[in-house]
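Given the structure is predicted, the values throughout are model-derived calculations rather than measurements. Proteins get letters first, then strands, A, B, ... in listed order; numbering begins at 1 in each.
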2 protein chains.
Amino acid sequence: MTDTPHRRGADRTEVIMRTTLELGQEIGYAKLSIEAVAARAGAGKHTIYRRWSSKGALLLDSLLSLHESDLDYPDTGDIVADLREQIHAAVDLIGRPPFGPLYQALVGEAQYDPRVAAALNERFIAPQTDKTVARLKKAQDQGQLASGFDLDLAMAILSGPLYFRFLITQEPLTHEYVDRILDALFVGMGPHPQP
Amino acid sequence: MTDTPHRRGADRTEVIMRTTLELGQEIGYAKLSIEAVAARAGAGKHTIYRRWSSKGALLLDSLLSLHESDLDYPDTGDIVADLREQIHAAVDLIGRPPFGPLYQALVGEAQYDPRVAAALNERFIAPQTDKTVARLKKAQDQGQLASGFDLDLAMAILSGPLYFRFLITQEPLTHEYVDRILDALFVGMGPHPQP
DNA sequence: TGTCAAGTACGGCACGTGCCGTACCGATAG
DNA sequence: CTATCGGTACGGCACGTGCCGTACTTGACA
């Protein structure tokens with residue numbers, strides 16, 4: 001028969017994640033219910049609960065399945081140019097639909113669900129931090145960055161203003177904003193002509 | 001009669017807010033319900049719904065009633081020293097119980113409830129930003145800060161790394177961390193001995 | 001290589017629970 | 001007399017968990 005209603009294995013997982021993103025974009029994360037996802041996906045609630053422990057876990061998986069980590073750093077030799085390019089890409093992904101609003105809600109959920117916070121950190125934040133620190137380390141070795149500088153701190157200083165705008169003032173993340181941040185910061189973090 | 005069960009006016013408001021903070025600290029914001037607050041406060045649910053439109057609005061009011069804005073800036077003439085002192089105080093308030101965890105949850109709620117986001121911004125974020133910008137402006141006029149510097153951007157650069165640690169990596173906010181941020185930043189933002 | 005029984009993942013349904021937000025009540029105070 | 005209160009009851013929704021019948025998969029046996 002065509003269109004068999006009962007399948008198994010990984011295809012169900014994929015359908016459910018796709019439906020989660022669809023519904024999430026339509027009605028927003030707050031109103032999104034597992035019940036509704038199951039209904040639209042033509043899936044039993046069990047099938048969802050079997051794989052994901054919470055709405056947050058489901059959304060995190062769904063979002064990660066969407067972009068598959070294209071936020072890698074170029075390495076042209078110029079640290080500021082490379083940071084600029086990577087952060088522009090990150091901002092394009094995170095700052096706009098479909099990823100943006102759902103990612104924002106996920107970070108929100110992470111503020112009162114420690115399991116979501118842990119999963120988000122492990123599967124998205126930490127890998128991004130690692131990439132950034134690795135790229136910064138290289139720049140440091142090449143003398144483009146003050147040698148004693150704590151690179152985890154640098155990560156916080158670079159990302160912080162973006163998250164501040166994204167989560168707190170909730171204004172749009174533009175390339176122009178990114179550029180202003182970078183311009184402001186790299187006067188101070190680079191090697192200075194000081195006695 | 002002593003301990004009259006039915007009162008009116010503003011005293012109910014106060015009891016409800018106090019109870020909200022109590023219960024919130026005990027069981028966390030996620031599990032906090034208006035029903036439970038009403039029960040413990042000895043209040044009718046209607047009395048709560050009459051004054052607050054959501055759980056977030058209730059918590060925001062409760063938190064603001066607690067500290068009453070003691071995050072003012074000193075003005076010793078040294079901008080870095082003043083910022084350090086103010087941010088230390090802010091971190092002491094925001095980074096620890098009782099304010100800390102509840103404030104964190106409130107920011108989380110603001111990520112999918114625009115009304116909470118607006119209220120939070122209007123009643124806490126914006127006033128703090130205004131104070132910071134005012135203090136920075138003074139420093140700029142006295143030549144302690146690069147003269148062209150966008151002060152709203154400076155606010156984001158100062159606060160961003162703190163919120164990043166608070167919300168994203170969720171590590172504790174210490175004075176030592178604040179100091180490292182300030183030390184790193186004020187090499188770059190101050191006036192430089194450059195040709 | 002073909003057959004069939006056991007096992008597994010599934011969709012659908014119903015259940016009990018908890019909290020939502022609203023409506024109504026009787027009591028109390030101004 | 002009227003506004004406000006505490007208390008209770010209500011319908012509604014989504015939660016998370018059982019149970020059932022079904023389709024697909026596996027593998028032992030011939």
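- When rounded to the nearest whole Å, the span between CG of A:Leu58 and P of D:dC15 equals 11 Å.
- Evaluation of the ring pair (Phe, Tyr, Trp, His ring centres under 6.0 Å) rule for B:Phe99 yields B:His67, B:Tyr103 as partners, not counting sequence neighbours.
- With respect to A:Glu22 and A:Arg18, no salt bridge is recorded, no charged nitrogen being found less than 4.0 Å from a carboxylate O.
- Along DNA chain D, the nucleotide nearest to B:Ile16 and the one nearest to B:Lys45 differ in position, and the one closer to the 5' end is contacted by B:Ile16.
- Note on A:Arg50: a side-chain N or O is less than 4.0 Å away from OP1 or OP2 of C:dC10.
- In this structure A:Asp75 satisfies the side chain to side chain donor-acceptor pair (under 3.5 Å) test together with A:Arg135, A:Lys138, sequence neighbours excluded.
- Counting to the nearest Å, the C1' atom of C:dC19 and the CG atom of B:Leu23 are 14 Å from each other.
- The distance from atom CZ of B:Arg40 to atom P of D:dG6 is 16 Å, rounded to the nearest whole Å.
- At C:dC10, one or more side-chain N or O atoms of A:Arg51 fall inside 4.0 Å of OP1 or OP2 (strictly under the cut-off).
- Distance, A:Glu14 CD to C:dC10 P: 14 Å, rounded to whole Å.
- Using a 4.0 Å cut-off, no side-chain N or O of A:Arg12 falls inside it from OP1 or OP2 of C:dT8.
- The distance from atom OH of B:Tyr49 to atom P of C:dC19 is 11 Å, rounded to the nearest whole Å.
- Electrostatic pairing of A:Arg84 and A:Asp183 counts as a salt bridge here, judged by a charged N lying under 4.0 Å from a carboxylate O.
- A heavy atom closer than 4.0 Å to some atom of DNA chain D occurs in A:Ser33, A:Ile34, A:Glu35, these being the qualifying members of residues 30-37 of chain A.
- Within the structure, every side-chain polar atom (N or O) of B:Thr47 is placed at least 4.0 Å from both OP1 and OP2 of D:dT4.
- Atoms CD1 (B:Ile48) and P (D:dC5) sit 12 Å apart, rounded to a whole Å.
- Nucleic acid contact for A:His46: base, since at least one base atom lies under 4.0 Å from a heavy atom of the residue.
- When the side-chain contact (heavy atoms from CB on, under 4.5 Å) test is applied to B:Leu167, the partners found at least two apart in sequence or on another chain are A:Gln111, A:Leu167, A:Ile168, B:Gln104, B:Val107, B:Tyr163.
- A search for side chain to side chain donor-acceptor pair (under 3.5 Å) contacts involving B:Glu122 returns nothing, not counting sequence neighbours.
- Taking the side chain to side chain donor-acceptor pair (under 3.5 Å) definition, one finds that B:Glu171 meets it with B:Thr169, sequence neighbours left out.
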